[in-house]
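What follows is a short report on a single structure.
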Amino acid sequence: QVQLVESGGDLVEPGGSLGLSCRASGDIFSIDAMGWYHQAPGKQRELVATIDSGGIMNYADSVKGRFTISRDNAKNTVYLQMNSLKPEDTAAYYCNARIQRIGSPIYQNYWGKGTLVTVSS
């Protein structure tokens, strides 16, 4: 009964900004790393950014200096602030989280259904 739900995808002009959010809910005991991945039409899903439980961040080279990942543990939410957007950023953006369910001894990966980001003039 764990779910991840993304929001914030939109159409934005090149050079613009957009913020995404993802909320995890359900029978959650603990959340370790959280992250964002994107998938453009006809291409494979790729890592965008991750943030671990201690706040250490990791970014794809293509977004370093432009995107910022953050999290609010009290809200079970991860965010992605995207600045200086480029047409190449156009993709479906998927939320990922490594979650330990209540009563489970292990962490498992969960995925959201995605939110669309289109960067175009």
Side chains of [X] and [Y] in contact at under 4.5 Å (non-hydrogen atoms):
X: N109; Y: N96; answer: yes
X: R101; Y: F29; answer: no
X: T50; Y: M34; answer: no
X: L20; Y: F67; answer: no
X: N76; Y: I28; answer: yes

Report yes or no: does [X] contribute a side-chain atom to a donor-acceptor pair with the main-chain N or O of [Y] at less than 3.5 Å?
X: Y93; Y: L80; answer: no
X: R71; Y: I51; answer: yes
X: T77; Y: R23; answer: no

(request) Compute whether any side-chain donor of one residue and acceptor of the other, for S17 and N83, lie under 3.5 angstrom apart. (result)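 A donor-acceptor contact under 3.5 Å links the two side chains.
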
(message) What I want to check is whether the side chains of Y79 and T68 have a donor and an acceptor closer together than 3.5 Å.
(response)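 Judged by distance alone, the side chains do not pair up.
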
(request) Could you please spell out the steps behind the side-chain contact (heavy atoms from CB on, under 4.5 Å) verdict for L18 and V117? (result) CA-CA 9 Å; L18 196 63; V117 174; 4.0 Å; yes

(message) Taking the ring of W111 and the ring of Y37, is the distance between their centroids below 6.0 Å?
(response)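 Yes, close enough.
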
(request) Check whether V48 and Y110 end up in the same hydrophobic cluster, where Ile, Leu, Val, Met, Phe, Trp and Tyr are linked by side-chain heavy atoms less than 4.5 Å apart. (result)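 In one cluster with V48: Y110, yes.
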
(request) Consider only side-chain heavy atoms of I, L, V, M, F, W and Y, link residues closer than 4.5 Å, and tell whether L116 and Y94 are in one cluster. (result)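 Not linked; separate clusters.
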
(message) Can you give me the closest heavy-atom contact between I99 and A24, atom names plus distance?
(response)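 That would be CD1-CB, 4.3 Å.
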
Can you give the donor-acceptor pairs under 3.5 Å from side chains of residues 2-15 to other protein atoms, not counting sequence neighbours?
unit_1 : atom_1 : unit_2 : atom_2 : d
E6     : OE1    : K113   : N      : 3.1
E6     : OE1    : G114   : N      : 2.9
E6     : OE2    : C95    : N      : 2.8
E6     : OE2    : G114   : N      : 3.1
S7     : OG     : S21    : OG     : 2.8

(message) Going by side-chain hydrogen bond (donor to acceptor under 3.5 Å, both in side chains), name the residues that satisfy it together with D89, two or more places apart in sequence or in a different chain.
(response)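 If we apply the side-chain hydrogen bond (donor to acceptor under 3.5 Å, both in side chains) test to D89, skipping adjacent residues, the hits are R66.
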
(message) Using 0.5 Å steps for rounding, measure from the OG atom of S25 to the NZ atom of K75.
(response)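 It comes to 15.0 Å.
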
(message) As an exercise, state the distance from CZ of R98 to CD1 of I31, rounded to the nearest 0.5 Å.
(response)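 R98 atom CZ to I31 atom CD1 measures 12.0 Å (nearest 0.5 Å).
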
(message) Between E46 and H38, is the side-chain contact (heavy atoms from CB on, under 4.5 Å) condition met? List the steps.
(response) CA-CA 5 Å; E46 298 179 327; H38 68 193; 3.5 Å; yes

